[in-house]
Amino acid sequence: MSKLKPHRTPVLVEGILQHKGKIGFVLSEDPKVGDVLIQEPSLRLAMNGDRVRARVTSAPGELRRAGEITQVLVHSHETVVGAFRRMGNLPVLVPEDESAFIHLTDLQSLVPHVGDVVTARITSWPTGKEAAKGILVEVLGPRDAPGVDLQTLIRKYELPDAFPLDVQKEAEAFGTEVPENLWRERETLFDRRIFTIDGADAKDFDDAVSLEALPNGWRLGVHIADVAQYVKEGSPLDLEARRRGTSVYLSGTVLPMLPFPLSDNLCSLRPDVVRLTLSCVMDIDGNGRIIDARVFESAIRSARRFTYEEVDELLKSGMPSNVTPEIASDVREMGVLAKLLREKRFARGSLDFDFPEPEVVTGLDGKPLDIRRRGRLESHRLVEDFMLAANESVATHMKNHPFLYRVHEIPDPAKLEKLHKSLEVLGLKIPRHFDVAHPSALQAVIKASEGTPAQAMVHLMVLRSLKQAAYSPINKGHFGLASACYTHFTSPIRRYPDLIVHRIVKERLHSQFREAHWKKDLAALATHTSRRERTAVDAEREYLDIQKVRLMESRVGEEFTGVISSVTNFGFFVQLNEFFVEGLVHVTTLGNDFYVFDEARMTLRGRRTGQTFSMGQKVNIRLAAANVLKHQLDFQLLRSEPSRTSSTSHKPAHHTKRRSRRH
């Protein structure tokens, strides 16, 4: 009698479906399971971005984990954007990601042309037998028409680009000035030298700083726009701000969380006008230790609006003619304090990634003329250091109450082990054992690479080994900052979590704290705002990719120089010297050879010729194609210098508002 095989419980995984063409992947939320390959027919059940449940069908130990979708848990979009096509006489919308098309059952008197970018509202979701159905709601026009790239991206991510009429009217009803009755009972700081430091093109100044000398240190003031004074919980303004979750910055275009009457005026800390603020004032000793911190409602009148470049000049001992000696002295003393705070933060293990950010230069028609590296100035660091100190002080002040934290969990040990093996290939001498409970080990990795050709590559490798920061009602600490308690307090004009933090703080100040309410609501708020942040990051990244392709599409056929920025099993990416963009040299274009990918050494090596390609290698290439739909530049290799595995560049960081850095 044969023995029955033991019943094996099916492995189920939940996650977001990434759907492209005839295949897709479920990005697993369980690190023990990993991502799962999905193919037809079950792929027809869901659309790109849907949250699904899948059953793993591949046998244990198989190289590629495969499965099938069993249930769609959450549909990601109510609308879809793509190209208008006809299948016979049937009108359809084909999404850019080339996933399942949408049958358009009603054109609603709109007259699209084949190839136009259009938007449809889903009326029925796909099944195993039928494609999704939808109604045409908008024709954006030909893909190459001015403004269509931006509008396509806005529709794709369902980013609100206009405020409802009642929201706009509520924002306008506050007027343009702060009446005296609103600040009479606050601490007025009109006699303090307070000023803002921001980008030259910024209009939403949500933070200002001040500094006073103490006998044994300093009194640092971080003064944040009191948005909660105007945006009341449950109001149309609040519901719209919550829905948006964050402002989105798209290379010169901003989709604000709050209407401009608030974001650019009444809540913006403009110079020489009274503004309502929440102030975090910290007493700091000569060693950079915060010995006391106080948070209170205040009113300020900013004495000066600085740009980062102006402050950087002052920090280098310049003396612009339009700055008073007192304010110039304050700025220089701030530079001393910022360095001290930074050193103390680094001493506890805080990580610091110094990636250059892209700056898109556009013409009058909005088309990109150049994409440049934007350097990180000492003034950027100064503002960042002060905001980090305030965020940590507020979180520490509130840690015994229901609160919204900014958390960054410890990395996955398996990812750290993989990182260690890759670093060994680069010849970096670092401790073999990683203490995953503390970031000092990764800080040692970063320090070990300083001044070497591999510095940028190491920074990127370490960054990829970390988890994403998020919002949570549970204080899990912030690994990257080596902080036991951290929050987001300093940007309520453009981040909804900061507005929530302000409401909680103000309730405590007025002894009106709603403990049961916050215990009930904070978990959902944390999940929602984390998702909205992720959407904003993805949209900002994709629009930058589109801008890069638009910049280069008129240069197809031209030759460039560059360095290999990353290597994969299907080719390698090259970052150009002439422009801050990168593109792909596909392995199939490398000639008559079979190339083997060495993941540990991050190289491609030809079996017949022995030719090797690795990160940091200098190459000459020709631009073969610029594909706007795929957001991709394709290069052809002309010649290369010998590989040097200790040399590198890196992929460019994507656009965010300069001082955010998304800690």
Side-chain angles (χ1 to χ4, degrees), residues 167 169-198 203-212 214 219-238 241 257-283 292-305 324 326-327 330 386-387 390 393-394 397-398 401 489-494 498-514 517:
V167 173
K169 286 184 175 180
E170 185 181 357
E172 293 170 353
F174 293 111
T176 59
E177 302 296 334
V178 180
E180 183 176 347
N181 67 294
L182 287 184
W183 53 260
R184 189 181 296 129
E185 296 182 1
R186 294 174 174 244
E187 289 193 38
T188 55
L189 308 178
F190 301 151
D191 60 337
R192 306 270 183 97
R193 289 191 296 272
I194 297 175
F195 44 84
T196 62
I197 306 171
D198 221 308
K203 296 180 180 179
D204 53 343
F205 313 135
D206 45 15
D207 61 76
V209 292
S210 62
L211 192 66
E212 302 172 62
L214 298 178
R219 177 163 292 159
L220 171 65
V222 174
H223 314 280
I224 308 300
D226 188 359
V227 176
Q229 176 67 38
Y230 303 100
V231 184
K232 300 300 184 182
E233 187 175 3
S235 68
L237 261 174
D238 177 54
M257 185 181 78
L258 298 172
F260 290 123
L262 290 180
S263 63
D264 284 11
N265 185 25
L266 199 55
C267 291
S268 186
L269 306 183
R270 293 180 172 183
D272 303 321
V273 294
V274 175
R275 289 293 182 260
L276 304 181
T277 46
L278 270 183
S279 293
C280 178
V281 174
M282 297 156 279
D283 289 349
D292 187 43
R294 187 167 68 95
V295 183
F296 56 93
E297 290 179 324
S298 56
I300 69 166
R301 186 185 290 115
S302 173
R304 169 86 190 203
R305 185 264 165 137
T324 66
E326 294 80 9
I327 290 182
D330 287 348
F386 290 174
M387 298 306 114
S393 294
V394 171
H397 179 70
M398 296 296 300
H401 306 279
F489 167 77
T490 56
S491 296
I493 290 177
R494 58 190 177 91
D498 302 53
L499 176 55
I500 294 299
V501 165
H502 278 223
R503 285 179 181 152
I504 295 174
V505 169
K506 284 165 69 72
E507 287 184 6
R508 285 277 298 148
L509 292 176
H510 291 282
S511 301
Q512 297 174 348
F513 187 63
R514 298 172 296 161
H517 168 78

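Below, all heavy atoms of this structure are taken into account, side chains as well, without hydrogens, waters or symmetry copies.
Counting heavy atoms from C-beta outward, S210 and L189 have side chains that stay 4.5 Å or more apart. Considering only heavy atoms from C-beta on, I493 stays 4.5 Å or farther from F205 through its side chain. With a 4.5 Å cut-off on side-chain heavy atoms, H401 and V505 do not count as touching. Residues V222 and M282 meet the side-chain proximity criterion, which asks for heavy atoms closer than 4.5 Å. With a 4.5 Å cut-off on side-chain heavy atoms, V209 and M387 count as touching.
Residues satisfying the side chain to side chain donor-acceptor pair (under 3.5 Å) criterion with S268, sequence neighbours excluded, are absent altogether. Looking at residues two or more places apart in sequence or on another chain, you find a side chain to side chain donor-acceptor pair (under 3.5 Å) between D283 and R219.
One distance of note links CD of E170 with OH of Y230; it measures 13.0 Å at 0.5 Å rounding. For the atom pair L278 CG and D207 CG, the distance stands at 13.0 Å (nearest 0.5 Å).
Taking the charged nitrogens against the carboxylate oxygens, D330 and R304 have no contact shorter than 4.0 Å, which rules out a salt bridge.
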- Task: Apply side-chain contact (heavy atoms from CB on, under 4.5 Å) to the pair E177 and L182, showing each step before the final yes or no.
- Result: CA-CA 11 Å; E177 302 296 334; L182 287 184; over 6 Å; no

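The closest side-chain donor-acceptor pair between H517 and E233 falls under 3.5 angstrom.
If you run side-chain contact (heavy atoms from CB on, under 4.5 Å) between C267 and each of L276, D206, L262, only L262 comes through.
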